[in-house]
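Reviewing the structure listed below.
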Amino acid sequence: MFLLQYKIPSEIGSELKINRLFYLTDLLVVLILGGIGFTFRYVVHSSFVWYYAIFWIILMVAWLIRPKTNPKLRMVKALFLAVTRDRIAYCAIDKKEREDGKDENQI
């Protein structure tokens, strides 16, 4: 008897791996961006086709790489969050608590 073993992700939002470095979303991004680039190549003048192809390759690579500071995000999402963040709101990172459990600022 041959039993099939399915790999069920531990959470719904987890990504499916195709191999060690490549995910299913990476494949979809490459196919979608490649399709868009292939479709619009007829709009570009024939002397600029190589520059256009290099631009789309750089765009795909920039979309897929993961930043070292937050490897769970793609570079596009990290750039989007950096651009759209609220620059007025902030919170202090260096809160120090006293031994009795109260903040120094609450004295």
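Heavy atoms only: backbone and side chains are in, while hydrogens, waters and symmetry mates are out. The first residue in the sequence is number 1, and the count goes up from there.
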Q | Separation between CZ of R66 and CE of M75, rounded to the nearest 0.5 Å | A | 11.0 Å
Q. Is I32 reachable from V43 through a run of hydrophobic residues whose side-chain heavy atoms are each under 4.5 Å from the next?
A. yes
(Q) Are F40 and W63 linked, directly or through intermediate hydrophobic residues, by side-chain heavy-atom contacts shorter than 4.5 Å (ILVMFWY only)? (A) yes
**Q.** Interatomic distance, I36 atom CD1 to L31 atom CG [nearest 0.5 angstrom]
**A.** 11.0 Å
Q: Please check if the side chain of Y52 supplies one atom and the backbone of H45 the other of a donor-acceptor pair under 3.5 Å.
A: no
Q | Shortest non-hydrogen separation from L64 to D26 and the atoms involved | A | CD2-OD1, 3.4 Å
Q: For F80 and T84, work out which heavy atoms get closest and say how close.
A: O-OG1, 2.8 Å
Q) In this structure, are over 12 heavy atoms from other groups packed under 6.0 Å from W56 atom CH2? A) yes
Q: Supply the atom-to-atom distance L33 CG to L28 CG, rounded to the nearest 0.5 angstrom.
A: 11.0 Å
Q: Describe, in one word, how the ring planes of Y51 and F48 are oriented to each other, choosing from parallel (under 30°), tilted (30 to 60°) and perpendicular (over 60°).
A: tilted
(Q) Run R74 and T25 through side chain to side chain contact (heavy atoms under 4.5 Å, CB included) and show every step you take. (A) CA-CA 11 Å; R74 301 259 189 268; T25 54; 2.9 Å; yes
